K.L.:
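Let me give you the structure first, and then I'll get to my questions.
Below, chains carry the letters A, B, ... as their sequence lines are ordered, and counting in each starts from 1. Just so it is clear, the model here is predicted, and its values are computed rather than measured.
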2 protein chains.
Amino acid sequence: MPKVARKEKILEKASGLFRNKGYHGTTIRDISEASGILSGSLYAHIRSKEDLLFEITDRGAEHFLQSVRPIIEGEGDAITKLRKAMVAHVQVITDHLEAATVFFHEWKSLTDERRHMIQTKRDEYEGLWAQLLVEGMNEGCFRKVDEKFARLLILSAMNGLYQWYQPDGEQTPIEVAERYASILLAGLAHREGSAL
Amino acid sequence: MPKVARKEKILEKASGLFRNKGYHGTTIRDISEASGILSGSLYAHIRSKEDLLFEITDRGAEHFLQSVRPIIEGEGDAITKLRKAMVAHVQVITDHLEAATVFFHEWKSLTDERRHMIQTKRDEYEGLWAQLLVEGMNEGCFRKVDEKFARLLILSAMNGLYQWYQPDGEQTPIEVAERYASILLAGLAHREGSAL
DNA sequence: CCTACCGATCGGTAGG
DNA sequence: CCTACCGATCGGTAGG
């Protein structure tokens, strides 16, 4: 196996283990076994266990940024862009379930410098959504609610997906995202329901 | 310090450490330092590190069940009950931030038997929400959407709270819950907005 | 990429 | 609840 492919295999196996057992719950020997390489030999490909965590987390961050940024910074009305951005976000989660989970959960185990690098990307990503929500409220197509509040609600709701989404389920990522968008935009209650 | 108070202090310190560093990232020596007891002496109060994790997780589960069950099984229309149940759920999170985080994140580190015990309580809790949503759809006050889908969206959105809620912030738990309920019930979009 | 290994630290225990 | 300690395992390295 070529060297790059071997490294990718190690990253892939480590992602799965970090997702299921956590970073601290996963040992170098777990990763070496899953990769079919003895633990000492792993260090021909990586410099440290934390390097693996950083690389996985950073890739996760980049997936989200690169998928969603062009949509939010592009043309269109806010509702259309919100739908598209939600579809893109959900697809990053479903296409990279392991990396997304590690990105959400395990980044806090990084040591200072690298944790700050990831934090910066997280802030940038949240900023994109903030921009979209403010835009939509100014355009008048969103109700004027607290922006930070709405943003965290939307992101939390979508991010919950990684805990229950099953790739072999009936629903495609696009269907999932559309249903989320529908409920979040239109609400759960009937219009003729009691006073809201 | 009486024995029971000492045990409570250990549980409290362990909750905070498990929340911040994860179960596997926390050592017995971390817990003993935080509690002001030498690590060997800890075992006069606990039988194992996993016992601590189980007790914290199980208490978390019970907080949610005991707060929300009476509301959902009580009288009232579904919209009122949904609001109340959301307030109760949010208050469990804000009142027991550490235990709630451990309940959401770290329960998977339990070994088989105990993990199953927690899984059973999780299922029971989700069942309560399922019951409420089905009730609301049958009463006609909720739109007929996929029940499982709506339930996971609501729970995911609320559970995201433990990641960003700050006890010293401006918003009270009740305000947070009310805002969540408002967006989830009425939706983010203006009624006169584009076709939904 | 393997063999052989290391110092540090882990969860936990014996005896008082 | 302390002192003293243990076997196991950890992340990582030297030399080939």
K.L.:
Output all residues satisfying salt bridge (Lys or Arg N to Asp or Glu O under 4.0 Å) with Lys21(B), sequence neighbours left out; order by chain, then residue number.
P.N.:
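Lys21(B): salt bridge (Lys or Arg N to Asp or Glu O under 4.0 Å) contacts with Asp30(B).
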K.L.:
Looking at residues at least two apart in the chain, or sitting in another chain, which of them share a ring-ring contact (aromatic ring centres under 6.0 Å, His included) with Phe142(A)?
P.N.:
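Applying ring-ring contact (aromatic ring centres under 6.0 Å, His included) to Phe142(A) gives none.
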K.L.:
Quick one: side chains of residues 133-140 of chain B, donor-acceptor pairs under 3.5 Å with protein atoms, not counting sequence neighbours, listed by atom name and distance.
P.N.:
{"unit_1": "Glu135(B)", "atom_1": "OE2", "unit_2": "Lys81(B)", "atom_2": "NZ", "d": "2.9"}
{"unit_1": "Asn138(B)", "atom_1": "ND2", "unit_2": "Val134(B)", "atom_2": "O", "d": "3.4"}
{"unit_1": "Glu139(B)", "atom_1": "OE1", "unit_2": "Ala78(B)", "atom_2": "N", "d": "3.2"}

K.L.:
Determine which pairs satisfy salt bridge (Lys or Arg N to Asp or Glu O under 4.0 Å) with at least one residue from residues 84-113 of chain A, sequence neighbours left out, and list them in order.
P.N.:
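Listed by first then second residue: Asp112(A)-Arg115(A).
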K.L.:
Which residues satisfy the side-chain contact (heavy atoms from CB on, under 4.5 Å) test with Arg59(A), sequence neighbours excluded?
P.N.:
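Partners of Arg59(A) by the side-chain contact (heavy atoms from CB on, under 4.5 Å) criterion, ordered by chain and then number, come out as Glu8(A), Leu11(A), Glu55(A).
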K.L.:
Mind checking what makes salt bridge (Lys or Arg N to Asp or Glu O under 4.0 Å) contact with Glu126(B), not counting sequence neighbours?
P.N.:
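With neighbours one apart ignored, the set is Arg151(B).
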K.L.:
So which pairs with a foot in residues 25-73 of chain A pass ring-ring contact (aromatic ring centres under 6.0 Å, His included), sequence neighbours left out?
P.N.:
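ring-ring contact (aromatic ring centres under 6.0 Å, His included) check on residues 25-73 of chain A returns His63(A)-His96(A), Phe64(A)-His89(A), Phe64(A)-Phe103(A), Phe64(A)-Phe104(A), Phe64(A)-Tyr125(A).
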K.L.:
Quick one: do the Arg143(B) and Ser182(A) side chains pair a donor with an acceptor below 3.5 Å?
P.N.:
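Indeed, the side chains of Arg143(B) and Ser182(A) share at least one donor-acceptor pair under 3.5 Å.
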K.L.:
With a 4.0 Å heavy-atom cut-off, tell me which residues in residues 20-31 of chain A come close to DNA chain C, sorted by residue number.
P.N.:
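Nothing qualifies; none.
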K.L.:
Take atom NZ of Lys9(B) and atom C1' of dC1(D), then tell me their distance rounded to the nearest Å.
P.N.:
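In whole Å, dC1(D) C1' lies 14 Å from Lys9(B) NZ.
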K.L.:
Please report, rounded to the nearest Å, how far the P atom of dT3(D) is from the CD1 atom of Ile37(B).
P.N.:
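Atom CD1 in Ile37(B) sits about 14 Å away from atom P in dT3(D).
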K.L.:
Which residues in residues 39-58 of chain B have a heavy atom closer than 4.0 Å to any atom of DNA chain C?
P.N.:
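Contacts with DNA chain C under 4.0 Å: Gly40(B), Tyr43(B), Ser48(B), Lys49(B).
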K.L.:
Got a sec, which residues hit salt bridge (Lys or Arg N to Asp or Glu O under 4.0 Å) with Glu50(B), two or more places apart in sequence or on another chain?
P.N.:
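Residues passing salt bridge (Lys or Arg N to Asp or Glu O under 4.0 Å) with Glu50(B): Arg114(B).
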K.L.:
Separation of Leu17(B) atom CG from dG11(C) atom C1', in whole Å?
P.N.:
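Distance check: Leu17(B) CG to dG11(C) C1' gives 16 Å.
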K.L.:
Can you give the dot-bracket line for DNA chain D, using ( ) for pairs inside the strand, [ ] for pairs that cross earlier ones, | for pairs with another strand and . for unpaired bases, where Watson-Crick and G-U count if both distances are under 3.5 Å?
P.N.:
||||||||||||||||
K.L.:
Which other residues end up in the same hydrophobic cluster as Ile71(B), if Ile, Leu, Val, Met, Phe, Trp and Tyr are linked when side-chain heavy atoms come under 4.5 Å apart?
P.N.:
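ILVMFWY cluster around Ile71(B) holds nothing else.
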